[in-house]
Amino acid sequence: MKILVVGAGGVGASFAPIAARRDFYEHIVFADYDEGRARSVVDRYDGGTGRFSAARVDASDAAAIAELCRSQGITHVLNAVDPRFVMPIFDGALEAGVTYLDMAMSLSHAHPDKPYELPGEKLGDAQFARAKDWEAKGQLALVGIGVEPGLSDVFARYAQDHLFSRIDEAGVRDGADLVVSGYDFAPGFSIWTTIEECLNPPVVWEKDRGWFTLPPFSEPEVFTFPEGIGPVECVHVEHEEVLLIPRWVECERTTFKYGLGDEFIDVLKTLHKLGLDKADPVTVRGLQVSPRDVVAASLPDPATLGPQMSGKTCAGTWVTGTGTDGNPREVYLYHVVDNEETWGRDGAQAVVWQTAINPVVALELLASGPWSGAGVLGPEAFVADPFLDLLTEYGSPWAMQERTPA
C-alpha cells in the first residue's frame with residue numbers, strides 16, 4: 001500500500017503521527033499546493049524512516065492528481081482538503097485506477113425555489129452519480145470516513161447489527177467543552193467547511209418522507225454529553241451522515257445536530273448578513289477574492305491552536321428504538337478526545353486529530369482485508385466490529401452509554 005494524502009493542513013498533518021506508529025503500508029506521500037507545508041509534516045513526523053515524502057499538487061486539477069498517483073506508484077488516495085476539491089481528487093483517483101477515501105463529500109446546492117423544504121443537489125450526489133464507473137473498474141471510493149461523517153456512521157451500523165431489532169432514530173450528536181485562550185473567536189476546524197455546513201439548509205431523512213430540508217439552526221435541543229462535557233444546546237446542521245446512514249441502515253429517521261453555542265451561531269449569522277459567507281469571488285480594487293477565503297485567512301489556523309486549547313470533544317450517534325430483547329432502548333455510542341492528550345503526544349489539537357485517526361484505521365482494514373468492496377460506498381456498507389476493535393487497539397477507545405428511553 002502506497003498512500004497519497006492530498007492536503008497537509010490540520011487533518012492531513014494529524015494523520016502523520018498516527019500513521020507513523022503503524023506498519024500496514026509501504027510509503028505515504030503528503031502533497032499540498034504549498035510543498036513547504038507538506039515538507040514540514042514529513043520533517044516533523046517521519047523520524048528518519050524514509051516512509052514519508054512530500055510533493056506539490058494542485059487539488060483542483062484531476063489530471064495532476066492522476067499523474068502524481070502514477071509517478072509515485074500510489075494505490076490509495078486520501079482527500080484531506082476542504083470539500084471544494086472533492087470532485088477533482090475523486091475523478092483523478094478514478095482515472096489513475098486507485099482506491100479513494102475522503103472525510104467530506106461533494107458539495108450541495110440548495111433547491112432554487114424551496115430551499116427550506118426540499119433538497120436540491122445533496123451532499124455526495126455528484127459522487128454517487130459516478131458509482132457505476134467505479135463498480136465497472138472494480139475500484140473502491142470509501143466516502144465520508146473521518147469522524148463525522150465516518151465513525152458516527154460506523155456506530156449506526158454497529159447499533160443495527162448488535163443492539164436493535166428496530167431503529168426509530170439514528171441521530172448524530174456532536175458537542176465539546178473546548179476553550180481556546182487568547183482569541184475572541186477561534187474555530188477548532190476549517191471555518192470554510194464550518195460555514196458551508198452550518199449555513200446551508202440542514203437535511204433530515206424520514207422513512208415515509210425521504211430527505212427534506214429545514215432552516216439553519218432549527219429545532220434546538222439540549223443534549224447531555226458524557227465524560228464531564230455536560231449539557232450542550234445542539235441544532236440541525238447539514239451533514240453527510242443524513243445522506244449516508246439511510247442507504248445502508250434500516251431506520252425510521254436520521255438527523256445530525258451540532259453543539260455550536262450562541263456565540264458561534266451569532267458569528268455565523270453576522271457573516272451571512274454581511275455576505276462574508278459567500279464562496280464566489282467579488283471584485284476588490286481590481287482583484288477577484290472570495291469573501292469566505294478572506295474570513296478564513298483572517299482567523300488563526302486551526303492546526304496551530306493546540307497549545308491554547310483545553311477541554312474535550314465528543315462525537316457520537318444517539319440511537320432509539322426497540323432492543324433485541326423487544327424492549328424500548330436508547331443508547332449513545334461515542335468517542336471522546338482530550339486535547340491535552342493529543343497535543344502532548346502528537347502535537348495535534350483534538351478536533352483535527354479525532355478526524356484524522358479514522359481514515360488511518362480504515363486504510364489498515366483495507367490493507368489487511370476485513371474491509372473490501374467496489375463502487376462508491378459509505379462506512380455503513382462495511383461490518384463495524386473490526387473498525388471499532390482496531391480503534392481501541394490504537395489507544396483511542398469508543399464507549400456506549402445506556403440511557404432511559406423517553
Side-chain angles (χ1 to χ4, degrees), residues 7-17 32 34 37 40-41 44 80-84 103-104 146-148 174-200 216-217 225 227-230 232-235 237-239 257-279 289-315 336-357:
V11 176
S14 299
F15 179 95
D32 198 279
D34 177 358
R37 186 158 71 162
S40 70
V41 172
R44 184 176 184 185
V81 292
D82 74 55
R84 284 175 292 181
M103 295 166 278
V147 61
E148 292 171 342
D174 179 300
D177 62 3
L178 294 169
V179 175
V180 179
S181 61
Y183 294 97
D184 291 330
F185 183 73
F189 202 72
S190 162
I191 189 63
W192 200 102
T193 303
T194 302
I195 289 172
E196 181 72 18
E197 62 191 21
C198 292
L199 291 177
N200 283 349
F217 316 121
F225 290 90
E227 300 196 21
I229 295 174
V232 179
E233 186 176 80
C234 299
V235 294
V237 167
E238 180 191 49
H239 234 252
K257 289 189 177 182
Y258 191 12
L260 292 170
D262 290 340
E263 181 188 24
F264 206 122
I265 290 174
D266 288 344
V267 169
L268 291 172
K269 287 180 176 179
T270 300
L271 291 174
H272 180 62
K273 286 180 181 178
L274 296 175
L276 294 173
D277 60 322
K278 296 184 184 300
V289 294
S290 160
R292 194 185 303 184
D293 287 347
V294 172
V295 172
S298 301
L299 291 170
D301 180 352
T304 67
L305 295 176
Q308 290 81 38
M309 185 181 286
S310 61
K312 299 176 181 178
T313 183
C314 179
V336 169
V337 172
D338 190 320
N339 186 76
E340 183 178 359
E341 178 187 345
T342 62
W343 186 258
R345 183 184 59 245
D346 290 335
Q349 55 101 324
V351 178
V352 293
W353 188 97
Q354 189 182 41
T355 303
I357 190 172

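These figures come from a predicted structure and were not determined experimentally.
Summarising the geometry of Asp32 relative to Gly9, their closest heavy-atom pair is OD2-N, 4.3 Å, with the distance given to 0.1 Å. Of all non-hydrogen atoms in Ala104 and Pro83, the two that sit nearest each other are CB-CB, 4.3 Å. Here the closest heavy-atom approach between residue Asn339 and residue Ala350 is recorded as OD1-N, 2.9 Å. The shortest non-hydrogen separation linking Gly7 to Val81 is CA-CG1, 3.5 Å. Shortest non-hydrogen contact noted between Ser40 and Arg37 is OG-O, 2.6 Å. Of all heavy-atom pairs between Ser14 and Val352, the closest is OG-CG2, 3.3 Å.
Residue Pro17 is tested with Val41, Asp346, Thr342 for a side-chain contact (heavy atoms from CB on, under 4.5 Å); the sole match is Asp346.
Side-chain atoms of Ser181 come within 3.5 Å of backbone atoms of Gln308 as a donor-acceptor pair (strictly under, hydrogens ignored). In this structure a side-chain-to-backbone donor-acceptor pair under 3.5 Å is present from Arg44 to Gly347. A distance-only check finds a donor-acceptor pair linking the side chain of Lys312 to the backbone of Glu227 [under 3.5 Å].
Residues satisfying the ring-ring contact (aromatic ring centres under 6.0 Å, His included) test with Tyr258, not counting sequence neighbours, are none.
The closest side-chain heavy-atom distance from Glu196 to Arg292 is below 4.5 Å. Taking the side chain as every heavy atom from C-beta outward, Cys198 and Leu260 approach each other to under 4.5 Å. Val237 places none of its side-chain heavy atoms less than 4.5 Å from the side chain of Asp174. A heavy-atom distance below 4.5 Å is found between the side chains of Leu305 and Pro300. A heavy-atom distance below 4.5 Å is found between the side chains of Phe217 and Leu199.
One finds the CD atom of Glu148 at 14.0 Å from the CE atom of Met103 (value rounded to the nearest 0.5 Å).
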* To do: Could you go through the side-chain contact (heavy atoms from CB on, under 4.5 Å) check for Phe225 and Cys234 one step at a time?
  => CA-CA 11 Å; Phe225 290 90; Cys234 299; 3.8 Å; yes

